[in-house]
Amino acid sequence: KTSFKILYPVEQNDILAIMRKYKLFFVSIIVLGILFNLVWEYLHIPFFQFPLFLELLNLPRLILALIATLGDTVIILLIHLFLAKIYKVKIWEIGWNFNKTLAVLLCSTISIVICEKLALSFGLWSYVDNLPVVPIIQINLSTFLQFIFIPLTTFYISSKIIYKFD
């Protein structure tokens with residue numbers, strides 16, 4: 001028989017508190033991700049050309065922005081889950097030092113380059129002619145900046161919300 005020592009006993013109340021905190025963090029990522037991305041997408045829809053089937057549907061600008069926002073928010077959630085798995089802690093416990101910020105930026109950049117390249121290759125959208133493109137990665141500057149600022153801002157504000165209710 002092997003006996004295991006519990007080094008850090010956790011009471012039931014502590015587990016419930018951690019679950020409530022994680023739920024609040026997760027919900028705040030979703031809400032903030034939707035809000036920030038919806039504003040960004042709505043303002044940047046004119047920089048994209050959509051395939052004929054979307055043009056024929058004549059979808060309002062807000063609907064197109066909502067569709068894009070849902071995808072953006074899923075990417076932000078996946079970045080959070082990936083980093084939580086890598087660091088083996090909840091992201092609000094990571095702290096905001098240079099290495100962790102760099103990890104968010106790296107994950108954001110890699111994920112948006114992959115998603116943008118796939119969307120362009122499948123013809124889901126294309127860029128208007130005068131849209132600036134980031135030279136090395138060949139994606140538009142608007143999307144690149146979006147995924148530099150919005151995930152970091154979302155995680156930072158969400159972690160502040162958690163500590164406010166701590």
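Numbers here simply count residues along the sequence, with the first being 1. Bear in mind that the values here come from a model prediction, so they are computed numbers and not experimental data.
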Q: Please lay out, stage by stage, how Ser28 and Ile157 fare under the test side-chain contact (heavy atoms from CB on, under 4.5 Å).
A: CA-CA 8 Å; Ser28 67; Ile157 293 173; over 6 Å; no
Q: Side chains of His80 and Pro151: closer than 4.5 Å at any heavy-atom pair?
A: no
Q: What closest approach, in Å, do Ser108 and Ser111 show between heavy atoms, and which atom pair accounts for it?
A: O-OG, 3.1 Å
Q: Please check if Leu81 and Ile34 belong to a single hydrophobic cluster, counting links between Ile, Leu, Val, Met, Phe, Trp and Tyr side chain heavy atoms closer than 4.5 Å.
A: yes
Q: Output yes when a side-chain donor or acceptor of Ser158 lies under 3.5 Å from a complementary backbone atom of Phe155, and no otherwise.
A: no
Q: Does Ile79 belong to the same Ile/Leu/Val/Met/Phe/Trp/Tyr cluster as Leu35, with side-chain heavy atoms less than 4.5 Å apart forming each link?
A: no
Q: Consider only side-chain heavy atoms of I, L, V, M, F, W and Y, link residues closer than 4.5 Å, and tell whether Val39 and Ile67 are in one cluster.
A: no
Q: Within a strict 4.5 Å, meaning less than it, do heavy atoms of the Tyr42 and Leu62 side chains meet?
A: yes
Q: What distance separates Gln138 CD from Ile136 CD1, expressed to the nearest 0.5 Å?
A: 9.5 Å
Q: So, for Thr69 and Gly33, which heavy atoms are closest and what is the spacing to 0.1 Å?
A: CG2-O, 4.4 Å
Q: Under 4.5 Å between side-chain heavy atoms, hopping through other hydrophobics if needed: is there a path connecting Leu152 to Phe149?
A: yes
Q: Please determine which of Leu145, Ile45, Asp72 meets the side-chain contact (heavy atoms from CB on, under 4.5 Å) test together with Trp40.
A: Leu145
Q: Once you round to the nearest 0.5 Å, how far does CG of Leu102 lie from SG of Cys107?
A: 9.5 Å
Q: Determine, stepwise, if the pair Phe144 / Val113 fulfils side-chain contact (heavy atoms from CB on, under 4.5 Å).
A: CA-CA 8 Å; Phe144 181 74; Val113 167; 5.7 Å; no
Q: Between Lys117 and Ile137 (side chain of the first, backbone of the second, donor and acceptor by atom type, cut-off under 3.5 Å), is there such a pair?
A: yes
Q: With the side chain counted from C-beta on, respond yes when Leu70 and Leu66 share a heavy-atom pair under 4.5 Å apart, and no when they do not.
A: no
Q: Which heavy atom of Phe25 sits nearest to which heavy atom of Ser159, and what is that distance?
A: CE1-N, 3.6 Å
Q: Would you compute the distance between atom OG1 of Thr143 and atom CG of Leu131 and round it to the nearest 0.5 angstrom?
A: 7.5 Å
Q: Roughly how far, to the nearest 0.5 Å, is the CZ atom of Arg61 from the CD atom of Glu41?
A: 11.0 Å
Q: Should the ring pair Trp125 and Phe48 be called parallel, tilted or perpendicular, given that the plane angle runs from 0 to 90° and is split at 30 and 60?
A: perpendicular
Q: What's the shortest heavy-atom distance between Tyr127 and Glu116, and which atoms?
A: OH-OE2, 2.7 Å
Q: Just verifying a value: how many Å separate Ile76 CD1 and Ile29 CD1, rounded to the nearest 0.5 Å?
A: 8.5 Å
Q: If you count the non-hydrogen atoms of other residues, nucleotides and ligands that lie under 6.0 Å from CG in Leu118, is the total more than 12?
A: yes
Q: side-chain contact (heavy atoms from CB on, under 4.5 Å) for Ile148 and Leu105? Distances and angles first, verdict last.
A: CA-CA 6 Å; Ile148 293 296; Leu105 290 175; 3.9 Å; yes
Q: Enter the distance from Asn140:CG to Phe47:CZ here, rounded to the nearest 0.5 Å.
A: 9.0 Å
Q: Hydrophobic clustering (ILVMFWY, side-chain heavy atoms < 4.5 Å, transitive) - are Leu77 and Val31 grouped together?
A: no
Q: What closest approach, in Å, do Gln49 and Val128 show between heavy atoms, and which atom pair accounts for it?
A: CG-CG1, 3.9 Å
Q: What's the verdict on side-chain contact (heavy atoms from CB on, under 4.5 Å) for Ile150 and Leu32, showing C-alpha distance, side-chain angles and the deciding distance?
A: CA-CA 9 Å; Ile150 292 180; Leu32 292 171; over 6 Å; no
